[in-house]
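Working notes, beginning with the structure itself.
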Amino acid sequence: MKIKRMNVDGQGLNRFFGSLESKIMDILWSSPPLSIREVQSILTEETPITINAVMTVMNRLVDKGHLSKKTAGTGRARAAKFRPVQSKEQFLAEQMKVVSQGLIEEYGSLVVTHMIEALDDVDPEVIARLERKLSEMKSGKKQ
């Protein structure tokens with residue numbers, strides 16, 4: 001799922017989500033499926049927040065395709081549980097791919113030049129993967 005807006009000044013998940021959305025996603029990525037009340041209870045440990053605010057944001061995350069909602073039971077015992085559609089790793093990998101492809105399409109060599117300059121701070125394994133990819137590209141092989 002593609003994020004419609006990215007906050008380049010944000011940190012971590014706040015680049016892709018609002019503050020409350022980020023907190024909710026983090027909670028659900030590290031938990032089994034939870035109800036709105038369970039998420040609100042966890043959030044309230046840090047800062048008081050209304051159940052309506054949590055419900056609104058969680059339902060918007062469902063509408064955006066980030067959470068799935070499964071309802072079980074009937075009557076007063078009826079409860080909806082929410083879980084992320086993707087793992088945190090899958091989400092971040094997908095977003096990074098979209099962002100990097102978009103930047104390269106729009107700014108081409110300028111972006112690649114800045115990425116090359118940033119390699120000084122990269123893990124040696126990433127450099128090794130880059131070298132393998134460049135070697136494959138030079139020999140005409142596709143992965």
Side-chain angles (χ1 to χ4, degrees), residues 1-137 141-143:
M1 75 217 53
K2 188 175 180 182
I3 294 290
K4 294 187 189 224
R5 291 182 183 210
M6 184 175 153
N7 177 3
V8 294
D9 294 325
Q11 294 285 316
L13 291 175
N14 289 333
R15 289 185 189 270
F16 307 104
F17 296 111
S19 175
L20 183 54
E21 288 177 326
S22 294
K23 290 176 185 176
I24 290 169
M25 291 303 295
D26 257 342
I27 288 168
L28 290 169
W29 271 319
S30 62
S31 305
L34 297 172
S35 69
I36 291 169
R37 186 159 305 284
E38 290 167 323
V39 172
Q40 186 250 355
S41 177
I42 294 168
L43 288 167
T44 300
E45 291 172 8
E46 184 181 315
T47 306
I49 187 163
T50 67
I51 190 83
N52 287 340
V54 176
M55 178 175 56
T56 298
V57 172
M58 288 178 69
N59 283 319
R60 284 185 184 156
L61 286 166
V62 169
D63 293 343
K64 292 177 182 180
H66 299 294
L67 295 180
S68 67
K69 176 181 176 180
K70 185 174 182 180
T71 304
T74 58
R76 293 185 150 230
R78 186 177 172 161
K81 297 282 185 166
F82 295 77
R83 68 174 183 78
V85 172
Q86 297 176 299
S87 71
K88 186 175 187 176
E89 294 74 21
Q90 290 169 326
F91 171 80
L92 290 172
E94 183 178 308
Q95 297 315 309
M96 290 304 100
K97 184 174 184 176
V98 168
V99 168
S100 59
Q101 286 176 334
L103 288 171
I104 288 171
E105 287 173 13
E106 195 165 339
Y107 300 106
S109 62
L110 181 62
V111 171
V112 174
T113 299
H114 286 289
M115 287 181 180
I116 290 169
E117 290 171 2
L119 290 175
D120 291 339
D121 301 326
V122 172
D123 180 324
E125 177 53 32
V126 173
I127 301 289
R129 285 194 349 240
L130 177 59
E131 288 172 339
R132 288 192 297 274
K133 182 67 175 178
L134 289 171
S135 179
E136 289 172 8
M137 291 171 73
K141 295 180 192 174
K142 282 200 168 186
Q143 215 174 359

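The figures here come from the full heavy-atom set of this structure, side chains too, leaving out hydrogens, waters and symmetry mates. Note that the structure is a prediction, hence the values are computed from the model and not measured.
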Short question: side chain of [X], backbone of [Y] - any donor-acceptor pair under 3.5 Å?
| X | Y | value |
| --- | --- | --- |
| Thr56 | Asn52 | yes |
| Arg15 | Val8 | yes |
| Ser30 | Asp26 | yes |

Salt bridge present between Arg132 and Glu125 (N-O < 4.0 angstrom): yes
Salt-bridge present (Glu21, Arg60; N to O < 4.0 Å): no
CA sep, side-chain torsions, deciding dist, call: Ile24, Phe17, side-chain contact (heavy atoms from CB on, under 4.5 Å): CA-CA 10 Å; Ile24 290 169; Phe17 296 111; over 6 Å; no
Distance in Å, Asn7 CG paired with Ser19 OG, rounded so as to fall on 0.5 Å steps: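 Here the rounded value is 11.0 Å.
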Closest heavy-atom contact between [X] and [Y]?
| X | Y | value |
| --- | --- | --- |
| Ile36 | Ile51 | CG2-CD1, 3.7 Å |
| Val85 | Leu67 | CG2-C, 3.6 Å |
| Lys69 | Asn59 | NZ-OD1, 3.7 Å |

Verdict with reasoning, Glu94 to Gln90, per side-chain contact (heavy atoms from CB on, under 4.5 Å): CA-CA 6 Å; Glu94 183 178 308; Gln90 290 169 326; over 6 Å; no
CD/Gln11: more than 12 non-hydrogen atoms of other groups inside 6.0 Å: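 Not more than 12 within 6.0 Å, no.
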Test applied, side-chain contact (heavy atoms from CB on, under 4.5 Å); reference residue, Leu28; option that passes from Arg83, Glu38, Lys88, Met58: Met58
His66 and its ring pair (Phe, Tyr, Trp, His ring centres under 6.0 Å) partner, picked from Phe91, Phe82, Trp29: Phe91
Verdict with reasoning, Lys23 to Leu13, per side-chain contact (heavy atoms from CB on, under 4.5 Å): CA-CA 9 Å; Lys23 290 176 185 176; Leu13 291 175; over 6 Å; no
Side chain to side chain, Ile49 and Leu20, heavy atoms closer than 4.5 Å: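 Yes; the side chains approach each other to less than 4.5 Å.
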Within-4.5 Å side-chain heavy-atom neighbours: Leu119 and Met115: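 Not in contact.
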